[in-house]
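In this text, all values refer to a predicted model and were calculated from it rather than measured experimentally. Just the heavy atoms: all of them, side chains too, but no hydrogens, waters or symmetry mates, feed the values below.
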Amino acid sequence: MKVGFCFLLKEGLSHSLLWQQFLLSASPDSYGLYVHAKTPNPSPVLPGSRIDRSPLPTVWGDRSLVEATQRLFLMAVEDDCDAMVLVSGNMLPLQPFGWIKDFCRVTRCSVQPLFGLNERQISANAKRFELISPYLQLPIEMLRKQNMFFVMTREDFCRINQHANLAGFPLQSLSDEYYWVNHLIRIEAQWLPSKVIFCNPDPTRTQALAMDLTPELLASSRADGYGFIRKVISIDDQAVVDLRSVYAS
């Protein structure tokens, strides 16, 4: 089992030393590192990363992010990765490598719940689902919204990539939160709604809040079964110690 960690970065990777600590317990043939950034020469990146030297000009919420994800996943597939996990420059693993590796054996998305949404969220989803439904030839009731960072197996990605037409996807804005999960539904993949990423204490929100990683937040998000956390802006000294202990376990 080989996991491809696919990094969507701006200039470089935050918390790179902790990522290196996370990978210390892994054998070199059990993972690959792939980078798409806003620059052809991002820094810092993890040693051994394959970098897209002709990156796309990506924009927040735009279809360009879906295309950049496709590029990263294709690089991982070419390296014989069995699964890919999309991560950002300010994300961190919350679990040891062995746990993450097992977690990635199945396609997983953090999805917006069906209940507890406010009127604005319900209205926005309804408008976007109405556009997506004929494109995917799926009833509106089957469609979902996801957090843009997720885990996908090689098999599911290749099935989607073989038949999907990104250029024809009807959403230009927030494509990244509707594209992958609804294609998984279309191909009837055996994916799991999962706690891939902790990004907001409000489970109905897919947008990430800036966070200070404290020992308390680390302990609670791990206990809840999350695999990763974003947007980590700062890390408490004790949380650093605790994370290193997690990665060494």
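- For R244, the CZ atom counts as loosely surrounded, since its 6.0 Å shell holds 12 or fewer non-hydrogen atoms of other residues, nucleotides or ligands.
- Of all non-hydrogen atoms in R53 and P40, the two that sit nearest each other are NH1-O, 2.6 Å.
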Practice problem: Evaluate the side-chain contact (heavy atoms from CB on, under 4.5 Å) criterion for residues M91 and V232: first the C-alpha distance (whole Å), next the side-chain angles of each, then the deciding distance (0.1 Å), finally the verdict. | Solution: CA-CA 6 Å; M91 276 172 63; V232 179; over 6 Å; no
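- No donor-acceptor pair closer than 3.5 Å links the side chain of E11 to the backbone N or O of T39.
- When the side chains of ILVMFWY residues are joined at heavy-atom separations under 4.5 Å, either directly or via intervening members, V3 and L24 end up in two distinct hydrophobic clusters.
- The backbone N or O of N147 lies less than 3.5 Å from no partner atom in the side chain of S110, so there is not a single donor-acceptor pair.
- For F228 and F149, the ring centers sit 6.0 Å or farther from each other.
- In summary, the side chains of Q95 and R222 do present a donor paired with an acceptor at a separation below 3.5 Å, with no hydrogens or angles considered.
- Close placement of the F7 and W19 rings is indicated, their centers lying within 6.0 Å of each other.
- At least one donor-acceptor pair closer than 3.5 Å links the side chain of S249 to the backbone N or O of V246.
- At least one donor-acceptor pair under 3.5 Å links the side chain of N200 to the backbone N or O of D202.
- L209 is not connected to L213 by any chain of hydrophobic side-chain contacts under 4.5 Å among Ile, Leu, Val, Met, Phe, Trp and Tyr, and they are in different clusters.
- Y135 and N165 share no donor-acceptor pair across their side chains, judged by distance under 3.5 Å alone.
- S220 places a side-chain N or O within donor-acceptor distance of the main-chain N or O of L217, the cut-off being under 3.5 Å.
- Side-chain contact between F22 and L92 is absent, with no heavy atoms from C-beta onward closer than 4.5 Å.
- Taking the ring centroids of F73 and F150, they lie under the 6.0 Å cut-off.
- Aromatic ring centroids of F5 and Y34 lie 6.0 Å or more apart.
- Between the side chains of S88 and N90, at least one donor-acceptor pair of N or O atoms lies under 3.5 Å.
- Under the 3.5 Å distance criterion, with hydrogens and angles disregarded, a donor-acceptor pair is assigned to the side chains of T107 and D156.
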